[in-house]
Amino acid sequence: DSGVTQTPKHLITATGQRVTLRCSPRSGDLSVYWYQQSLDQGLQFLIQYYNGEERAKGNILERFSAQQFPDLHSELNLSSLELGDSALYFCASSVDGGGGNTIYFGEGSWLTVV
Amino acid sequence: AQSVTQLGSHVSVSEGALVLLRCNYSSSVPPYLFWYVQYPNQGLQLLLKYTSAATLVKGINGFEAEFKKSETSFHLTKPSAHMSDAAEYFCAVIKSGSARQLTFGSGTQLTVLP
């Protein structure tokens with residue numbers, strides 16, 4: 001158990017809909033990351049937050065947004081869903097945003113868009 | 001941009017045989033390098049990491065990796081494969097000094113044959 005908690009574990013929704021994925025980082029970790037894992041794209045970095053502020057942006061679509069709340073939990077919002085958004089979405093956390101500290105991953109949220 | 005290349009998307013070994021999973025990185029500055037393992041239907045678990053302290057890094061479950069700057073490699077090895085090692089393995093890099101985005105390789109699926 002990495003200590004990173006993601007909900008829901010599985011989600012099936014229709015095209016055009018909007019979903020929210022939730023992540024609780026490890027206790028004491030200030031930095032949260034979101035990754036997408038799909039068969040064709042592999043593991044792709046989406047976005048990073050550090051203590052409530054956006055730190056870095058990766059290959060995140062405009063239809064997707066995220067935020068980190070004062071209690072440090074984070075949410076990834078996916079809207080106008082398309083079939084191609086079906087993937088495993090990982091949240092990860094680390095103590096801070098620099099150095100060689102370990103980044104710990106949750107077990108992911110499986111999103112299926114039908 | 002920093003990246004990693006994993007040679008061989010599928011590797012099969014017999015139980016008890018040497019495991020060798022290859023990873024080469026491209027970076028103009030010393031990177032931080034990681035190996036993660038993903039068991040079926042689970043999240044990513046850190047096996048080991050290189051942060052410039054020692055070139056030979058020992059990880060969990062008997063795995064180790066050696067950082068070779070001259071070869072820009074960070075290959076993962078285990079002297080004797082066990083059936084429980086069957087999983088997908090990912091090499092990842094963070095360029096030192098940058099925002100802490102893990103850039104992953106495409107992964108190597110390890111099969112252990114009885």
Side-chain angles (χ1 to χ4, degrees), chain A residues 1-7 9-10 21 23-26 29-51 53-60 87-110 112, chain B residues 1-10 23 25 27 29-55 57-60 65 67 74 87-109:
Chain A
D1 183 4
S2 68
V4 179
T5 304
Q6 292 186 245
T7 57
K9 291 196 186 313
H10 299 274
L21 308 181
C23 170
S24 294
R26 290 188 336 139
D29 284 0
L30 298 177
S31 200
V32 168
Y33 313 77
W34 287 96
Y35 284 82
Q36 179 195 59
Q37 185 179 33
S38 62
L39 281 175
D40 54 344
Q41 300 280 345
L43 273 159
Q44 298 279 318
F45 168 72
L46 295 179
I47 197 163
Q48 177 197 1
Y49 281 82
Y50 176 74
N51 203 19
E53 303 277 331
E54 182 183 303
R55 171 67 67 90
K57 235 175 185 178
N59 301 322
I60 188 166
L88 180 57
Y89 291 85
F90 283 113
C91 174
S93 73
S94 66
V95 170
D96 59 26
N101 291 318
T102 299
I103 298 176
Y104 295 89
F105 283 76
E107 296 205 345
S109 292
W110 278 100
T112 302
Chain B
Q2 69 279 14
S3 66
V4 290
T5 302
Q6 291 184 242
L7 298 175
S9 58
H10 291 84
C23 173
Y25 68 92
S27 175
V29 297
Y32 295 120
L33 291 159
F34 304 78
W35 275 99
Y36 281 85
V37 61
Q38 185 178 24
Y39 297 103
N41 301 316
Q42 293 189 28
L44 294 162
Q45 181 181 9
L46 179 70
L47 277 176
L48 49 81
K49 63 180 181 180
Y50 168 76
T51 57
S52 75
T55 57
V57 182
K58 294 189 183 299
I60 62 171
F67 174 74
F74 190 57
E88 187 150 25
Y89 292 79
F90 293 92
C91 182
V93 64
I94 294 176
K95 182 179 172 182
S96 58
S98 72
R100 284 178 48 76
Q101 307 166 38
L102 275 169
T103 299
F104 284 91
S106 54
T108 298
Q109 182 69 45

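Chain A is the first sequence line, chain B the second, and so forth, proteins listed ahead of strands; every chain is numbered from 1. Heavy atoms only: backbone and side chains are in, while hydrogens, waters and symmetry mates are out.
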- prompt: With a 4.5 Å limit on heavy-atom distance, are the side chains of A/Tyr35 and B/Leu102 in contact?
  reply: yes
query: Are B/Tyr25 and B/Cys91 side-chain neighbours, meaning at least one heavy-atom pair lies under 4.5 Å?
result: no
- prompt: At a heavy-atom separation under 4.5 Å, does A/Gln37 approach chain B through its side chain, its backbone, both, or neither?
  reply: side chain
- prompt: Do the non-hydrogen side-chain atoms of A/Phe90 and A/Gln6 ever get within less than 4.5 Å of each other?
  reply: yes
field: B/Gln45 portion near chain A, given a 4.5 angstrom heavy-atom threshold
entry: neither
- prompt: Which of the residues A/Ile103, A/Leu88, A/Val4 is involved in the greatest number of heavy-atom pairs with chain B at under 4.5 angstrom?
  reply: A/Ile103
field: Part of B/Leu44 within contact of chain A (heavy atom distance under 4.5 Å)
entry: both
- prompt: Would you say A/Gln44's side chain and A/Gly58's backbone share a donor-acceptor pair under 3.5 angstrom?
  reply: no
